[in-house]
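Single-structure report; data block below.
Just so it is clear, the model here is predicted, and its values are computed rather than measured.
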Amino acid sequence: MTTRAIESAVPYVAGPQASSSSMFERVSCPSCGASDTVFFIQAEDDLTGRPGRFTFVRCVACALVYQSPRLTLEHVKPYYDDNYIAHQERGRWGRMAPAVAWAMGSLDRAKLGIVSRYVSLGPRSQVLDVGCGAASFLTQVRERFGAAVAGVDFVDLSSRPAFRGVEFHHGLFYEQEVGQSRFDLITMWHFLEHDYDPLRSLRHAADALATGGQLIIEVPRLDSLSFRWFGRRWPGLQAPQHTAVYDRAALCALVSRAGLIVEDHLPYGAFPPYFYAFCGAAFHLRPGRGLDLRRAVVPYFAGQILLLPILPLLKHANFAMQTVVCRKEA
């Protein structure tokens with residue numbers, strides 16, 4: 001079924017922000033530029049429960065799965081408000097705040113664990129985190145290695161204490177002047193699936209890498225066990241914020257088109273695969289109705305404790321995430 005014939009799959013939003021089809025834009029493949037597609041899947045905002053359905057298509061030419069039509073940049077901004085999970089203050093979790101803080105710290109430590117396998121950081125290093133969110137990872141890098149750190153994000157949270165000592169750029173990454181051949185390490189932890197022009201962003205990152213520098217990218221993996229389990233309720237779809245979802249071949253092809261060389265591919269990431277197991281099950285129980293995160297936090301940690309013996313197995317089972325380590329061509 002081509003996109004010209006999928007009238008039943010036309011996306012929509014409802015509620016106070018709904019207006020008309022002008023909220024959406026049709027786009028060509030963000031990887032190869034081709035326009036011929038076939039319908040892939042339709043998803044809802046299962047995380048917050050905002051009404052609407054969003055269509056993902058597969059590019060006939062290169063097989064990348066992406067959202068089209070998609071919300072325009074102007075109309076997707078409300079989906080990144082203070083209730084967006086990556087932007088929430090840790091103190092808002094009440095009695096569970098210490099557990100949440102531990103989990104977030106564990107995530108940053110896992111990121112540093114991946115980084116340390118490929119890059120030796122020190123006081124003379126320069127590090128850029130694209131999609132830095134609340135800057136907790138950059139704080140860890142600065143405190144542990146004394147490196148100079150910079151961050152870019154679509155949402156400005158720079159008034160928070162974590163941004164002290166961070167060179168912050170607000171806006172679309174490919175529009176920011178971050179410098180040429182500057183950074184020893186650039187990271188994109190779950191940024192690329194949100195990006196409205198990922199090829200342009202990767203080329204911008206290649207320009208910003210110093211000679212010998214590394215770019216580390218983590219994204220949800222479409223050709224994963226969790227997608228086969230959960231289908232249209234797979235947390236990796238996270239519509240409408242995720243504009244593209246990548247299997248291994250599509251991710252490596254995009255990186256290569258940007259003039260980057262893939263040095264390693266990992267069938268896991270720093271992000272805990274258990275999160276996708278928990279949310280995927282919850283989304284099936286509450287399809288399209290969203291999660292009350294403050295009510296879900298206790299069963300989340302209880303389930304994690306119960307499944308503790310098998311969680312290490314998920315990391316290497318191609319369950320949810322993937323990471324690529326890249327350098328620019330000489």
query: Are Gln42 and Thr55 close enough, and set up right, to give a side-chain hydrogen bond (donor to acceptor under 3.5 Å, both in side chains), and what steps lead you there?
result: CA-CA 5 Å; Gln42 196 168 68; Thr55 300; 3.3 Å; yes
- request: Carefully, step by step, assess Val219 and Phe191 under the rule side-chain contact (heavy atoms from CB on, under 4.5 Å).
  value: CA-CA 7 Å; Val219 294; Phe191 161 79; over 6 Å; no
message: For a side-chain hydrogen bond (donor to acceptor under 3.5 Å, both in side chains) check, start with the C-alpha distance between Gln322 and His265, then their side-chain angles and the critical distance, and finish with the verdict.
response: CA-CA 7 Å; Gln322 61 180 328; His265 178 278; 2.9 Å; yes
Derivation of the side-chain contact (heavy atoms from CB on, under 4.5 Å) call for Val27 and Tyr196: CA-CA 10 Å; Val27 291; Tyr196 269 50; over 6 Å; no
- request: Evaluate the criterion side-chain contact (heavy atoms from CB on, under 4.5 Å) for residue pair Phe183 and Leu215; output intermediate values, then yes/no.
  value: CA-CA 9 Å; Phe183 293 99; Leu215 169 64; over 6 Å; no
- request: Carefully, step by step, assess Ser201 and Asp195 under the rule side-chain hydrogen bond (donor to acceptor under 3.5 Å, both in side chains).
  value: CA-CA 8 Å; Ser201 287; Asp195 194 8; 2.5 Å; yes
- prompt: Checking side-chain contact (heavy atoms from CB on, under 4.5 Å) for the pair Leu128/Leu185: CA distance, chi angles, key distance, verdict?
  reply: CA-CA 6 Å; Leu128 172 66; Leu185 171 67; over 6 Å; no
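Under the 4.5 Å side-chain criterion, counting only non-hydrogen atoms from C-beta, Leu251 is in contact with Leu192. Using a 4.5 Å heavy-atom threshold, the side chains of Asn318 and Leu225 count as separate. Residues Leu209 and Ser181 are not in side-chain contact: their nearest non-hydrogen atoms beyond the backbone lie 4.5 Å or more apart. Taking the side chain as every heavy atom from C-beta outward, Pro220 and His242 approach each other to under 4.5 Å. Val255 places a side-chain heavy atom less than 4.5 Å from the side chain of Leu202. Within the 4.5 Å cutoff, no side-chain heavy atoms of Val65 are placed close to those of Tyr246. Using a 4.5 Å heavy-atom threshold, the side chains of His170 and Asp153 count as separate. Side-chain contact between Arg70 and Pro240 is absent, with no heavy atoms from C-beta onward closer than 4.5 Å.
The heavy-atom pair separating Ala34 from Tyr66 by the smallest distance is O-OH, 4.2 Å. Residues Cys59 and Thr37 come closest through the heavy atom pair CA-CG2, 4.2 Å. Heavy atoms only, all atoms of each residue included: Ala147 and Val127 are closest at CB-CG2, 4.3 Å. Ser226 approaches Trp234 most closely through the heavy-atom pair OG-NE1, 2.9 Å. Between Val57 and Ser68, the shortest heavy-atom contact is CG1-O, 3.8 Å. Nearest heavy-atom pair, Gly236 versus Val245, reported as atom, atom and distance to 0.1 Å: O-CG1, 3.5 Å.
Connection of Leu307 to Ile305 is not established within any shared hydrophobic cluster, with ILVMFWY side chains joined at heavy-atom distances below 4.5 Å, either directly or through further cluster members. In the hydrophobic cluster analysis, where Ile, Leu, Val, Met, Phe, Trp and Tyr join through side-chain heavy atoms closer than 4.5 angstrom, Leu73 is grouped together with Phe24.
Residue pairs meeting the ring pair (Phe, Tyr, Trp, His ring centres under 6.0 Å) criterion with at least one partner in residues 308-330, sequence neighbours excluded, are Trp229-Phe319, Tyr268-His316. Evaluation of the salt bridge (charged side-chain N to carboxylate O under 4.0 Å, His left out) test over residues 246-267, restricted to residues two or more places apart or in two chains, returns Glu263-Arg327. Within the structure, the ring pair (Phe, Tyr, Trp, His ring centres under 6.0 Å) test picks out the following pairs touching residues 108-153 (sequence neighbours left out): Phe137-Trp189. Sorted by first and then second residue, the salt bridge (charged side-chain N to carboxylate O under 4.0 Å, His left out) pairs involving residues 205-234 (not counting sequence neighbours) are Glu44-Arg233, Asp46-Arg233, Arg221-Asp223.
Side chain of Thr323 to main chain of Leu266: no donor-acceptor pair is present (N/O by atom type, distance under 3.5 Å, no hydrogens or angles). In this structure, His204 contributes its side chain and Gln176 its backbone to a donor-acceptor pair below 3.5 Å. Using a distance-only test at 3.5 Å, with no hydrogens or angles considered, no donor-acceptor pair links the side chain of Arg142 to the main chain of Gly146.
Judged by the 6.0 Å and 45° rule, Arg203 forms no cation-pi pair with Tyr174.
Note: Leu306 CG to Phe301 CZ = 13.5 Å, rounded to the nearest 0.5 Å. For the atom pair CD of Glu25 and NE2 of His75, the computed distance is 10.5 Å after rounding to the nearest 0.5 Å. Going from atom CG of Leu47 over to atom CZ of Arg289 covers 14.5 Å, rounded to the nearest 0.5 Å. In this structure, Asp129 CG and Met188 CE are separated by 9.5 Å, a value rounded to the nearest 0.5 Å. Taking CG of Leu254 as the start and OG of Ser31 as the end, the distance is 4.5 Å to the nearest 0.5 Å. The CZ atom of Phe168 sits 5.0 Å away from the CZ atom of Phe163 when rounded to the nearest 0.5 Å.
Looking at residues two or more places apart in sequence or on another chain, you find a side chain to side chain donor-acceptor pair (under 3.5 Å) between Ser158 and Asp156. For Gln140, the side chain to side chain donor-acceptor pair (under 3.5 Å) test picks out no residue, with sequence neighbours left out. For Ser106, there are no side chain to side chain donor-acceptor pair (under 3.5 Å) partners at least two apart in sequence or on another chain. Partners of Ser28 according to the side chain to side chain contact (heavy atoms under 4.5 Å, CB included) rule, which considers only residues two or more places apart in sequence or in another chain, are Ser35. Checked against side chain to side chain donor-acceptor pair (under 3.5 Å), Glu193 has the following partners two or more places apart in sequence or in another chain: His190. In this view, Arg182 and Glu167 satisfy the salt bridge (charged side-chain N to carboxylate O under 4.0 Å, His left out) rule, not counting sequence neighbours. Judged as a side chain to side chain contact (heavy atoms under 4.5 Å, CB included), and not counting sequence neighbours, the contacts of Ala206 are Leu260, Lys328.
Aromatic rings from His194 and Tyr80 are positioned such that their centres are separated by under 6.0 Å.
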Would you tabulate the side-chain donor-acceptor contacts of residues 269-285 under 3.5 Å, counting partners in other chains and residues two or more places apart, or write 'none'?
from	atom 1	to	atom 2	distance (Å)
Tyr274	OH	Tyr300	O	2.6
Tyr274	OH	Gln304	N	3.0
His284	NE2	Phe230	O	3.2

